[in-house]
Amino acid sequence: MAQRVRKAVLPVAGLGTRFLPATKAMPKEMLTVVDRPLIQYAVEECLAAGIEEFVFVTGRNKGALEDHFDLAYELEATLEQRKKTAELKQSQDATIKAGNAIFTRQQKPLGLGHAVWCARHWIGNEPFAVLLPDELTLDTPTCIGQLVAAHDKTGGSVVAVMDVPREQTKSYGIAAVKAEKDGLAEITGLVEKPRPEEAPSTLALIGRYVLLPEVLGHLDRHETGAGGEIQLTDAIARMIGGPPLHALRYAGRRYDCGSRLGFLEANVAIALDRADTAAETRALLGRLMKG
Ligand code: UTP
């Protein structure tokens, strides 16, 4: 039987250059979609999948992330005193249980693979999830929940993929796969940021992974790949031919909040989706489109 996935690594040490100047003093993952920061969506996605332990791999200027998931004693005491129950709940919901989150620093932004490697001692010898919080996914069951279910079935590593236009392959890790069955396909090749003419397919990795701990051994080598960075995709590629390794086609909604337009789209889409903001947002958009 597959080992249960209990832990998630949230790499949040990137420089966020596409969001300067917003990210000069504040982490990209604290950018707000409607009323909650990106990082909270990722944590909630994990909790819904039964994953309750988190390691945040952070860098400089990331203190706000740690504070966000802490108990905000003064704020909550004041809200309680003022009988602001709904607001109090919003704050309490953004807390991670004591002892269930740790924060470690990547020190140098050497790449996503290196960021995951920085969490190695905490991961130990069990399967673990990785979520890139600037990719926002919305679905029930959650994207990471779907990967966990696939891992339970195969006992191996599973990465989420989506089709992208061929001209965009150079922004993603791209998977070559065998025939797909129920959205799941064995991976035969993985390449990070290939040029469109060299890409083995248009199936892009979208920042959601369930990985066997063997990947850490490959990351130990600190080999650099595309862009001179230590790439997670390359370490996963070294597992091809070993324990089961599958791509799961994710069919839900996904927003690339690491880009300005994707971030704007996420804000509008989620505001239109939520019962408390839908009507007002629709009216607002109508007014703006007319003007
Ligand atoms: P990105 O490729 O989006 O890079 O990283 P970035 O630095 O965050 O943003 P831009 O491109 O400069 O605007 C994908 C994910 O990997 C993490 C990032 O925090 C993000 O979640 N990452 C990347 C690290 O944790 N460390 C790294 O060295 C690189």
Side-chain angles (χ1 to χ4, degrees), residues 8-33 37-43 45-46 54-66 68-69 101-120 122-123 128-137 143-144 159-162 164 168-174 190-194 204-209 211 215-216 219 221-236 254-266:
V9 178
L10 300 167
V12 288
L15 298 177
T17 53
R18 284 171 292 167
F19 263 102
L20 282 168
T23 47
K24 204 173 153 194
M26 182 191 80
K28 170 170 75 172
E29 297 76 12
M30 285 305 290
L31 288 171
T32 301
V33 176
L38 280 170
I39 194 72
Q40 194 174 331
Y41 288 91
V43 165
E45 181 177 340
C46 288
F54 302 92
V55 60
F56 296 80
V57 182
T58 69
R60 290 179 62 248
N61 291 333
K62 304 281 184 170
L65 288 162
E66 199 163 341
H68 182 73
F69 290 109
I102 66 155
F103 297 81
T104 188
R105 288 210 175 187
Q106 190 186 8
Q107 297 174 336
K108 284 187 187 167
L110 298 179
L112 175 60
H114 181 258
V116 172
W117 178 82
C118 289
R120 66 200 179 283
W122 177 84
I123 295 165
F128 62 101
V130 179
L131 291 88
L132 307 190
D134 56 350
E135 292 280 353
L136 202 162
T137 64
C143 183
I144 207 70
V159 304
V161 296
M162 279 182 114
V164 294
Q168 289 179 15
T169 58
K170 55 186 183 303
S171 304
Y172 294 94
I174 299 291
L190 272 176
V191 42
E192 182 63 26
K193 299 191 172 64
L205 275 59
I206 56 156
R208 295 290 183 279
Y209 314 77
L211 299 173
V215 74
L216 299 172
L219 287 170
R221 296 195 217 164
H222 283 212
E223 280 174 30
T224 52
E229 296 194 337
I230 300 168
Q231 298 289 356
L232 181 60
T233 307
D234 294 344
I236 302 172
R254 166 221 167 218
Y255 304 100
D256 173 13
C257 293
S259 79
R260 286 180 294 188
L261 209 67
F263 175 72
L264 281 175
E265 184 187 357

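For ligands, and for the atoms within them, numbers begin at 1 and follow the listed sequence. Numbers for residues simply follow the sequence, beginning at 1.
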Can you list the residues that meet the side chain to side chain contact (heavy atoms under 4.5 Å, CB included) rule with Arg260, with sequence neighbours excluded? Phe19
Closer than 4.0 Å to some heavy atom of Pro109 - which atoms of ligand 1 meet that? 28 (O)
Give yes or no for whether the N/O distance cutoff of 3.5 Å, strictly under, is met between Gly14 and ligand 1. yes
Indicate the ring-plane relationship of Phe56 and Phe103, choosing parallel, tilted or perpendicular according to the 30° and 60° boundaries. parallel
Do any nitrogen or oxygen atoms of Leu15 lie less than 3.5 angstrom from nitrogen or oxygen atoms of ligand 1? yes
Indicate, as side chain, backbone, both or neither, the part of His114 found under 4.0 angstrom from ligand 1 when only non-hydrogen atoms are considered. neither
Heavy-atom nearest neighbour in the protein, as seen from atom 16 (O) of ligand 1, with distance rounded to 0.1 Å: Leu112 CD1, 3.6 Å
Of all heavy-atom pairs linking Cys257 and Ala266, the shortest is SG-CB, 3.6 Å
Part of Asp134 with heavy atoms under 4.0 Å of ligand 1, whether side chain, backbone, both or neither: side chain
Checking side-chain contact (heavy atoms from CB on, under 4.5 Å) for the pair Leu132/Leu112: CA distance, chi angles, key distance, verdict? CA-CA 9 Å; Leu132 307 190; Leu112 175 60; 3.6 Å; yes
Given Glu229, Lys193, Glu29, Lys28, identify the one with the heavy atom nearest to atom 8 (O) of ligand 1. Lys28
If the test is side chain to side chain contact (heavy atoms under 4.5 Å, CB included), which one of Gln106, Gln107, Arg105 qualifies with Cys118? Gln106
Contact summary for Lys28 and Gly16, nearest pair of heavy atoms: CD-CA, 4.2 Å
Could you walk me through whether Val33 and Leu38 pass the side-chain contact (heavy atoms from CB on, under 4.5 Å) test, one step at a time? CA-CA 6 Å; Val33 176; Leu38 280 170; 3.9 Å; yes
Numbered in order shown, the ligand 1 atoms found under 4.0 Å of a heavy atom of Gln106 are 24 (C), 25 (O), 26 (N), 27 (C), 28 (O)
Between Ala13 and ligand 1, is there a nitrogen or oxygen pair with a distance under 3.5 Å? yes
Of Gly16, Ser259, Pro11, Gly59, the residue with the heavy atom nearest atom 20 (C) of ligand 1 is Pro11
Test of understanding: given a 4.0 Å heavy-atom threshold, classify the contact between Val12 and ligand 1 as side chain, backbone, both, or neither. backbone
So which atom in Leu216 and which in Trp117 form the shortest heavy-atom distance, rounded to 0.1 Å? O-CD1, 4.2 Å
What part of Ala115, side chain from CB on, backbone N/CA/C/O, both or neither, has a heavy atom under 4.0 Å from ligand 1? side chain
Hey, is atom 5 (O) of ligand 1 under 4.0 Å from any protein heavy atom? no
Which residue supplies the protein heavy atom nearest to atom 12 (O) of ligand 1, what is that atom called, and how far is it? Thr17 OG1, 2.5 Å
Residue and atom name of the nearest protein heavy atom (relative to atom 13 (O) of ligand 1), distance in Å to one decimal: Arg18 N, 2.8 Å
Which option, Leu110, Leu132, Val130, Leu131, owns the non-hydrogen atom nearest atom 15 (C) of ligand 1? Leu132
So, using side chain to side chain contact (heavy atoms under 4.5 Å, CB included) as the criterion, who are the partners of Val55 when residues are at least two apart? Val9, Ile102, Thr104, Ala119, Trp122
What atoms of ligand 1 come closer than 4.0 angstrom to any heavy atom of Gly111? 26 (N), 27 (C), 28 (O), 29 (C)
At their closest point, which heavy atom of Ala204 faces which heavy atom of Val164, and how far apart are they? CB-CG1, 3.7 Å
Nearest atoms (heavy-atom pairs only) where Val130 meets Ile144: O-CD1, 4.2 Å
